[in-house]
Colleague: 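Supplied in structure tokens, the structure appears directly below.
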Amino acid sequence: MRKKLVAGNWKMHGSLAQNAMLLDAIKAGVDGLGCDVAVCPPYPYLAQAQSTLSGTAVAWGAQSVSEHVDGAFTAEVSATMLADFGCRYVLVGHSERRAMYGETDVLVAAKFAAAQRAGLLPILCVGETLAEREAGMTDLVVFRQLDAVVEACGIQALREAVVAYEPVWAIGTGVTASPAQAQEVHAAIRSRVAAVDGGVAGVLRILYGGSVKPQNAEELFGQCDVDGGLIGGAALVAEDFLAICRVAN
Ligand code: PEP
């Protein structure tokens, strides 16, 4: 039985004052939950997350990471720096990074590897655009994104990682994949991994992301291959985020 994970991606939102309220409310609301919970604020607020959440059931992580260990890479943040601030997770390959910042499959795989070298759990985001879905290319795209990591890091690396299936057309749009659509892709991802290593496939957590709300979380998380959610907009509202966590419980 895989323990569900609900991770909040705050994107470039928040302030010290807003985060203090959000973090306090989340911290107060997670007691007794049986799922894993994490928040991913912007880099400058990781210290705030660390000081507020240390010793609680809520983990924290970053939204990206450099593929480099250190050096002359202005504005980049290394995985060891994230580890210094107590991060447990880091998103890699979010569709906004792929689409707006030109992150390729190879680069995402390098970031994944860098995260693991520092002891972080990468959350590998994969997903197709609407045009790709309509062209019948969903599996092709998602497998390409997944395979790049497996080729670079090996199948066993997925034991210490999480995959998030996030159809690009569902992110921030209010349009959610139907539970059947989500299940179909999650099952395909798991089968792809199982074809190489059944043991890894059995323990791999595959989150769904894309307009998850308290109202649709139950049906989505009820699918047998959906192991929780990566939550954007609803992660900024404590009661919505907590309601989603309770569904995952
Ligand atoms: C995301 O940013 O990863 C995401 C899933 O956003 P939203 O929940 O707002 O669609």
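Just so you know, ligand 1 is whichever comes first in the structure, and atom 1 is the first atom listed for that ligand.
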Colleague: Kindly assign one of parallel, tilted or perpendicular to the pair His186 and Tyr165, based on the angle between their ring planes and the thresholds 30° and 60°.
Modeller: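 His186 vs Tyr165 ring planes: perpendicular.
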Colleague: List, one per line, each side-chain donor-acceptor pair under 3.5 Å for residues 217-224, sequence neighbours excluded.
Modeller:
residue	atom	partner	partner atom	Å
Gln223	NE2	Glu219	O	3.1

Colleague: Would you list the pairs meeting salt bridge (Lys or Arg N to Asp or Glu O under 4.0 Å) in which at least one residue belongs to residues 166-181, sequence neighbours left out?
Modeller: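 Every pair satisfying salt bridge (Lys or Arg N to Asp or Glu O under 4.0 Å) with a residue in residues 166-181: there are none.
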Colleague: For Arg88, what residues pass the side chain to side chain contact (heavy atoms under 4.5 Å, CB included) criterion, not counting sequence neighbours?
Modeller: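 Only Ala59, Leu121 meet the side chain to side chain contact (heavy atoms under 4.5 Å, CB included) criterion with Arg88.
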Colleague: Please determine which of Thr176, Thr129, Leu130 meets the side-chain contact (heavy atoms from CB on, under 4.5 Å) test together with Trp169.
Modeller: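 Of the listed options, the one satisfying the test is Leu130.
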Colleague: Which protein residues come within less than 4.0 angstrom of ligand 1, counting heavy atoms only?
Modeller: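 Its neighbours under 4.0 Å (heavy atoms only) are Asn9, Lys11, His94, Glu166, Ala170, Ile171, Gly172, Gly209, Gly210, Ser211, Leu230, Ile231, Gly232, Gly233, given by chain and number.
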Colleague: In terms of side-chain geometry, is the basic nitrogen of Arg98 or Asp105 positioned less than 4.0 Å from the acidic oxygen of its partner?
Modeller: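 Here Arg98 pairs with Asp105 in a salt bridge, since their nearest N and O are under 4.0 Å apart.
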